[in-house]
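Notes follow the structure.
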Amino acid sequence: MSELRCVLPCNGLDKCAGDLSRRAALELAQSENAALICPVLLNQNRSRYEKVLADANLTVIDGCNTRCASKLAGDLELSINDKVNVSEVAKALEIKLGVDIQESDDNRAVVQAVLAKINSSAADQAESEFIEPEAVEYNSFSHGKFIFKVPQNNYFFNENDCWVTVSGKMARVGVSDYVQQNLSDILYVDPPEIGDEFEQFDDLGSIESSKAVFEIVSPVSGTVVAVNTSLNDAPEQVNESPYEKGWLVEVKLRDFSEDQDLLHDCPAYFEFLQRKVTEIDV
């Protein structure tokens, strides 16, 4: 193993999803000689794990959408390097998890899929062909105590407040300033896998804060070629620089001219967002 790892599983061990989280964490710890962190002890006495948390990358294994392990890490302001949700993995496999704890081929398949997802590497990322603009200029408007920024050009938005900016056949996808302000402090970005193919308006991962989980709705169709790995250690870049350093996914476009018909350019999105903010009274 090239990097040290510590593993924080779900604490709901009386349910099937929580038990599978525990099993995956134990197997990961044994196979990689990684440090296993007890969520109960961590909550009661963080200092017990202070050294390993400082020296190793933190992997979180949530059992279900309650995300108790992720919330604990967020409450303690721990940096999450990798995260997986057992229930979401089971859903992708079309396996329905029961309530009772039991041994079954389906449950073993879920555990192995969780481990495979954790061990998948970003090393397969293609060398970026995306050419970054020299500078992004913004228009802004205020509403109450909030100031919302929108680029003046070269960005396109869907009505789910996700953006795309294009360089040749390549593009980067991210979320708007409006999204990051609503989420507040970003704790974790859960990106898609390298090589995933997707359609316009498909889910393209998620962003998690202490307040909510935001599903990234893709503004374009294409193939994932890279993810912003700098967000592993600094997810707050989405808050600080949502249109530049906080980009989420790099994609190879399939047919942008077709996708563009269903997107707002910068001036149109600026007007759309002004109406939206006024209507919901952010």
Side-chain angles (χ1 to χ4, degrees), residues 1-15 17-89 110-125 183-191 193 205-211 213 227-241 245-246 248:
M1 183 176 61
S2 58
E3 295 181 329
L4 296 174
R5 189 200 299 267
C6 54
V7 189
L8 176 64
C10 168
N11 63 5
L13 302 184
D14 58 336
K15 300 293 191 296
D19 178 62
L20 297 185
S21 169
R22 177 190 65 84
R23 295 190 207 181
L26 287 171
E27 188 164 334
L28 187 66
Q30 291 169 359
S31 63
E32 295 196 5
N33 195 29
L36 184 63
I37 295 178
C38 171
V40 176
L41 292 178
L42 176 64
N43 191 37
Q44 293 176 346
N45 183 15
R46 173 176 172 165
S47 62
R48 179 188 182 99
Y49 296 107
E50 205 69 56
K51 186 177 188 306
V52 69
L53 288 169
D55 294 343
N57 290 328
L58 176 62
T59 293
V60 169
I61 308 179
D62 285 314
C64 65
N65 290 331
T66 303
R67 308 187 328 277
C68 58
S70 289
K71 288 180 178 178
L72 174 59
D75 289 343
L76 297 176
E77 299 182 344
L78 302 178
S79 177
I80 302 172
N81 183 260
D82 202 2
K83 183 171 66 168
V84 64
N85 185 305
V86 170
S87 295
E88 291 178 359
V89 170
V110 171
V111 170
Q112 292 307 308
V114 167
L115 294 172
K117 184 174 176 64
I118 291 171
N119 288 322
S120 63
S121 172
D124 294 331
Q125 289 195 171
L183 288 175
S184 190
D185 294 338
I186 305 298
L187 301 176
Y188 184 76
V189 176
D190 186 14
E193 301 289 339
S206 62
I207 301 174
E208 183 174 327
S209 74
S210 57
K211 294 173 62 176
V213 175
V227 298
N228 190 350
T229 55
S230 71
L231 300 181
N232 291 341
D233 295 324
E236 65 274 10
Q237 288 182 111
V238 179
N239 295 117
E240 298 166 355
S241 180
K245 293 181 180 179
L248 306 175

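You'll find the side chain of V213 stays beyond 4.5 Å of the side chain of N65, heavy atoms only. Side-chain contact between Q237 and I186 is absent, with no heavy atoms from C-beta onward closer than 4.5 Å. By the 4.5 Å heavy-atom criterion applied to side chains, Y49 and C38 are counted as neighbours. Taking the side chain as every heavy atom from C-beta outward, S209 and D185 never approach each other to under 4.5 Å. Considering only heavy atoms from C-beta on, N228 stays 4.5 Å or farther from L248 through its side chain. For the pair L8/P39, a side-chain contact is recorded, criterion being any heavy-atom separation below 4.5 Å from C-beta on.
For R48, the CZ atom counts as loosely surrounded, since its 6.0 Å shell holds 12 or fewer non-hydrogen atoms of other residues, nucleotides or ligands.
A donor-acceptor pair under 3.5 Å is absent between the side-chain atoms of N11 and the main chain of A69, judged by distance alone. In this structure, D62 contributes its side chain and S70 its backbone to a donor-acceptor pair below 3.5 Å. Between the side chain of T59 and the backbone N or O of V7 there is no donor-acceptor pair closer than 3.5 Å.
Not counting sequence neighbours, E240 has no partner by the side-chain hydrogen bond (donor to acceptor under 3.5 Å, both in side chains) test. For Q44, the side-chain contact (heavy atoms from CB on, under 4.5 Å) test picks out V40, L41, with sequence neighbours left out. Under the side-chain contact (heavy atoms from CB on, under 4.5 Å) criterion, K71 pairs with R67, not counting sequence neighbours. With sequence neighbours excluded, no residue satisfies side-chain contact (heavy atoms from CB on, under 4.5 Å) with D14. Under the rule for a side-chain contact (heavy atoms from CB on, under 4.5 Å), the partners of L187 that lie at least two apart in sequence or sit in another chain are S210. Checked against side-chain hydrogen bond (donor to acceptor under 3.5 Å, both in side chains), N232 has no partners two or more places apart in sequence or in another chain.
With respect to V60, the side-chain contact (heavy atoms from CB on, under 4.5 Å) criterion is satisfied by exactly one of D82, I37, I80, V84: I80. Just one residue in the list L28, L20, I61 forms a side-chain contact (heavy atoms from CB on, under 4.5 Å) with V114, and that residue is I61.
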#### Entry: Derivation of the side chain to side chain contact (heavy atoms under 4.5 Å, CB included) call for L183 and K211
CA-CA 6 Å; L183 288 175; K211 294 173 62 176; 5.7 Å; no
### Message
side chain to side chain contact (heavy atoms under 4.5 Å, CB included) for N85 and D190? Distances and angles first, verdict last.
### Response
CA-CA 10 Å; N85 185 305; D190 186 14; over 6 Å; no
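Salt bridge status for E27 with R23: absent, with no side-chain N to carboxylate O gap under 4.0 Å.
For the pair C10 and G63, the tightest heavy-atom approach, listed with the atom from each and the gap, is CB-N, 3.5 Å.
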